[in-house]
Amino acid sequence: MAASTHGVAPTPQSLPGVANIVAIGSGKGGVGKTTLAVNLAVALAKLGHKVGLIDADIYGPNVPLMMGSGKQPRILEGNMIEPILAHGVKVISIGFISPGDKPMVMRGPMLHQIIRQFLQQVEWGELDFLLVDLPPGTGDVVISLVQTVPLTGAVVVSTPSDVSLQDARKALEMFHQVNVEVLGIVENMSHFTCPHCHQEIDIFSKGGADRMARQFSIAFLGSIELDPEIRHGGDTGLPVALAGEGSPQGDQFFKVAKQVAALAVAQSAKTRDVLEIS
Ligand SMILES: Nc1ncnc2c1ncn2[C@@H]1O[C@H](COP(=O)(O)OP(=O)(O)OP(=O)(O)O)[C@@H](O)[C@H]1O
């Protein structure tokens with residue numbers, strides 16, 4: 001696979017002050033990447049970590065809506081961009097800069113430039129975790145990311161349906177090809193609990209992501225229910241994780257967040273050890 005858009009691939013440079021960079025991807029669209037990204041970011045912040053969130057879905061930026069902010073970022077000295085602070089998380093999205101319903105029309109090199117700017121020209125300060133919400137598919141943005149910064153790892157989201165799992169496998173393969181460690185898989189829209197009879201309804205065939213994780217010897221990070229409250233939280237800019245660890249909807253995201261944090265920290269330590277030895 002071509003690893004560079006311009007012939008020679010630049011060497012990735014770590015971001016000073018940013019301890020872990022974790023991408024959230026899926027392969028298939030609409031499976032809940034952004035929902036997971038915003039709730040993980042909020043959960044990690046509530047757990048006391050310093051958190052940033054990049055909306056790398058340049059063509060369909062949903063993070064501003066889901067984080068409940070439409071502010072324009074300020075330009076600081078040295079042409080640096082100040083991220084927007086929403087629910088305790090530092091956020092950047094093309095949606096803050098070019099709001100409204102106009103589609104973003106751009107070529108690959110422009111996309112690459114925006115991803116680089118979001119990484120290097122945003123005043124992130126000290127961060128424990130910088131999460132990157134990837135667009136659907138297996139393409140350009142990931143290449144731009146890995147060319148710009150060393151990624152700590154990736155989290156793959158899938159619903160348990162066969163079509164979603166098929167695309168999740170492609171995402172796993174893509175991360176493998178660009179040498180990004182997959183920290184684990186999350187099953188979203190795992191099942192639905194009927195509010196009337198309280199029975200669990202298996203809409204997308206629960207358990208598929210767990211099976212796939214075992215097949216690929218990757219950690220299964222947990223499952224998130226299909227729940228109208230989660231959708232409502234996204235649509236109103238109030239991610240359910242804001243309700244805290246003890247809340248019925250938030251709890252699932254906190255469990256995933258703790259695992260992601262532990263695995264990312266372990267992965268960063270491993271990479272540091274390798275660099276020190278070599
Ligand atoms: N567990 C869930 N329960 C209920 N609704 C959910 C859940 N997860 C996601 N949704 C809803 O499904 C829709 C798609 O989710 P989301 O935008 O997070 O997916 P995505 O993978 O980021 O999509 P895209 O590929 O377009 O970026 C949204 O309306 C979201 O609120």
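Note that the structure is a prediction, hence the values are computed from the model and not measured. Read the numbers this way: they start at 1 and go in the same order the structure lists the ligands and their atoms. Computed from heavy atoms alone, side chains included, the values below leave out hydrogens, waters and symmetry copies.
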Against ligand 1, does [X] come closer than 4.0 Å with any heavy atom?
X: G30; answer: yes
X: M66; answer: yes
X: G234; answer: no

Counting heavy atoms only, which of D227, V157, T34 is nearest atom 4 (C) of ligand 1? D227
Closest candidate by heavy atom, reference atom 15 (O) of ligand 1, pool L134, N188, T35, D133: T35
Is any N or O atom of [X], backbone or side chain, closer than 3.5 Å to an N or O atom of ligand 1?
X: V31; result: yes
X: D57; result: yes
X: S26; result: no

Could you walk me through whether V180 and V146 pass the side-chain contact (heavy atoms from CB on, under 4.5 Å) check? CA-CA 8 Å; V180 172; V146 297; 3.5 Å; yes
Short list, please: which atoms of ligand 1 are under 4.0 Å from a heavy atom of [X]?
X: P136; result: 25 (O)
X: G29; result: 25 (O)
X: E225; result: 1 (N), 2 (C), 3 (N)

CD1 of I81 to CD1 of I92: how many Å apart, nearest 0.5 Å? 5.5 Å
Return the closest protein heavy atom for [atom] as residue, atom name and distance.
atom: atom 19 (O) of ligand 1; answer: G32 N, 3.0 Å
atom: atom 20 (P) of ligand 1; answer: K33 N, 3.5 Å
atom: atom 6 (C) of ligand 1; answer: M189 CE, 4.1 Å
atom: atom 11 (C) of ligand 1; answer: R231 CG, 4.0 Å

What I'd like to find out is whether the side chain of D227 reaches to under 4.5 Å of the side chain of F192, using heavy atoms alone. no
Under 3.5 Å, side chain of N20 to main-chain N/O of D128, donor-acceptor pair present? yes
Do side-chain atoms of H87 reach the backbone of G237 as a donor and acceptor pair under 3.5 angstrom? yes
When I24 is tested against each of V156, V155, V186 for side-chain contact (heavy atoms from CB on, under 4.5 Å), which residue passes? V155
Paired with K90, the side-chain contact (heavy atoms from CB on, under 4.5 Å) test is passed by just one of L127, V122, I84, namely L127
Under the side-chain contact (heavy atoms from CB on, under 4.5 Å) rule, what do H112 and R116 come out as? Steps first, then yes or no, please. CA-CA 6 Å; H112 180 74; R116 275 178 62 118; 3.5 Å; yes
Closest non-hydrogen atoms of A45 and V51, given as atom of the first, atom of the second and distance, are N-CG2, 3.6 Å
Do we see a donor-acceptor contact under 3.5 Å between the side chains of S164 and K28? no
